[in-house]
Engineer: 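This is the structure, below, for whatever I ask next.
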Amino acid sequence: MKKVSIIYASRGGNVEVLANEIFEGAKEAGADVTIKMVSEATKEDVLSADAVAFGSPSKNNNNIDQEEMAPFLKEFKLTLNNNKPVVLFGSYGWDNGEFMEKFKDLITDYGFNVVGELAVNEAPDNEELAKAKEFGKLLGK
Ligand SMILES: Cc1cc2nc3c(=O)[nH]c(=O)nc-3n(C[C@H](O)[C@H](O)[C@H](O)COP(=O)(O)O)c2cc1C
């Protein structure tokens, strides 16, 4: 059974809704799935998973959350990440997905393999929710 870990930051709930859909998709694919706010997540959650989804809102001038998500991710700068498959997801207000480009560069630089990305404007619509679920299935199968 595949082990999938979903780790996200969300203040207003928009990113959380996407995280929950990814969770549902991965579950449907038959994976062993954990979902955690980044404040609750540990390094082990990432290291022990076969596939991971990281989520963040756009904050701090079109960047990923710098209070919790960026420091958490920095821990993986020196670990052996072996091109582990990762889906990146998040929500922005006005940056048209600029933070997602930075997110992707960072995670690729840390040695993960970004297999999907989803950036939505504020609250996701039904199509975006369906896409999040598909990404969950992709990670879980
Ligand atoms: C303090 C704060 C800073 C933000 N900074 C940005 C930003 O730099 N660029 C942007 O496009 N959106 C920015 N936003 C909008 C959020 O990214 C957007 O509302 C997102 O949906 C929030 O996700 P959440 O509901 O999961 O917290 C900011 C919102 C807040 C509250």
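Just follow the structure's listing: the first ligand is 1, and inside any ligand the first atom is 1.
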Engineer: Gly13 to ligand 1: N or O pair under 3.5 Å?
Structural biologist: yes
Engineer: Can you tell me the protein heavy atom closest to atom 25 (O) of ligand 1 and the distance?
Structural biologist: Asn14 N, 2.9 Å
Engineer: Do Asp65 and Ser56 have side-chain N/O donor and acceptor atoms under 3.5 Å apart?
Structural biologist: no
Engineer: Taking 4.0 angstrom as the limit and counting only heavy atoms of Asn61, give me the atoms of ligand 1 inside it, by number and element.
Structural biologist: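 Answer, ordered by atom number: 8 (O).
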Engineer: Suppose clustering is done on Ile, Leu, Val, Met, Phe, Trp and Tyr with side-chain heavy atoms closer than 4.5 Å. Which residues sit in the same group as Leu80?
Structural biologist: none
Engineer: Decide whether an N or O pair under 3.5 Å exists between Val15 and ligand 1.
Structural biologist: yes
Engineer: In the protein, what heavy atom is nearest to atom 28 (C) of ligand 1, and what distance, to one decimal place, separates them?
Structural biologist: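 Result: Ser58 O, 3.6 Å.
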Engineer: Purely on distance, is any nitrogen or oxygen of Glu16 under 3.5 Å from one on ligand 1?
Structural biologist: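 There is no such contact.
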Engineer: Of all the non-hydrogen atoms in the protein, which one sits nearest to atom 19 (O) of ligand 1, and at what distance?
Structural biologist: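 Protein heavy atom with the smallest distance to atom 19 (O) of ligand 1: Glu122 OE1, 2.7 Å.
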Engineer: Provide the closest heavy-atom pair for Val38 versus Glu68 in the form atom of the first, atom of the second, distance.
Structural biologist: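 Looking at all heavy atoms of both residues, the closest pair is CG1-CB, 3.6 Å.
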Engineer: Any carboxylate oxygen within less than 4.0 angstrom of a Lys/Arg side-chain nitrogen, looking at Glu127 and Lys131?
Structural biologist: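 Here Glu127 does not pair with Lys131 in a salt bridge, since their nearest N and O are not under 4.0 Å apart.
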Engineer: Could you list the donor-acceptor pairs under 3.5 angstrom formed by side chains in residues 20-30, with sequence neighbours left out?
Structural biologist:
unit_1	atom_1	unit_2	atom_2	d
Asn20	ND2	Glu16	O	3.4
Glu28	OE2	Lys133	NZ	3.0

Engineer: Any idea which protein heavy atom is nearest atom 20 (C) of ligand 1, and the distance to it?
Structural biologist: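 Nearest neighbour among protein heavy atoms for atom 20 (C) of ligand 1, to 0.1 Å: Ser91 OG, 3.4 Å.
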Engineer: So that I can tick it off, tell me whether Asp50 and Lys84 are bridged by a salt bridge, with the cut-off set at under 4.0 angstrom between side-chain N and carboxylate O.
Structural biologist: no
Engineer: Nearest protein heavy atom to atom 3 (C) of ligand 1, by residue and atom, and its distance?
Structural biologist: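 Ranking protein heavy atoms by distance from atom 3 (C) of ligand 1, first comes Lys59 CD, 3.4 Å.
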Engineer: For atom 26 (O) of ligand 1, grab the closest protein heavy atom and report residue, atom and distance to one decimal in Å.
Structural biologist: Ser10 OG, 2.6 Å
Engineer: What is the closest protein heavy atom to atom 9 (N) of ligand 1, and at what distance does it sit?
Structural biologist: Asn62 OD1, 2.8 Å
Engineer: Under a 4.5 Å cut-off applied to non-hydrogen side-chain atoms, are Val115 and Val86 in contact?
Structural biologist: no
Engineer: How close do Glu128 and Leu118 get, heavy atom to heavy atom, and via which atoms?
Structural biologist: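 Taking Glu128 first and Leu118 second, the nearest heavy atoms are O-CD2, 3.6 Å.
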Engineer: Among Trp94, Phe99, Tyr8, which one puts a heavy atom closest to atom 7 (C) of ligand 1?
Structural biologist: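 That would be Trp94.
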Engineer: Any idea which of Gly12, Ala9, Pro57, Gly90 brings a heavy atom closest to atom 27 (O) of ligand 1?
Structural biologist: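 It is Gly12 whose heavy atom sits nearest to atom 27 (O) of ligand 1.
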Engineer: Identify the protein heavy atom lying closest to atom 15 (C) of ligand 1, giving its residue, its atom name and the separation to 0.1 Å.
Structural biologist: Gly93 N, 3.7 Å
Engineer: Looking at Arg11 and Glu67, does any basic side-chain N land under 4.0 Å from a carboxylate oxygen?
Structural biologist: yes
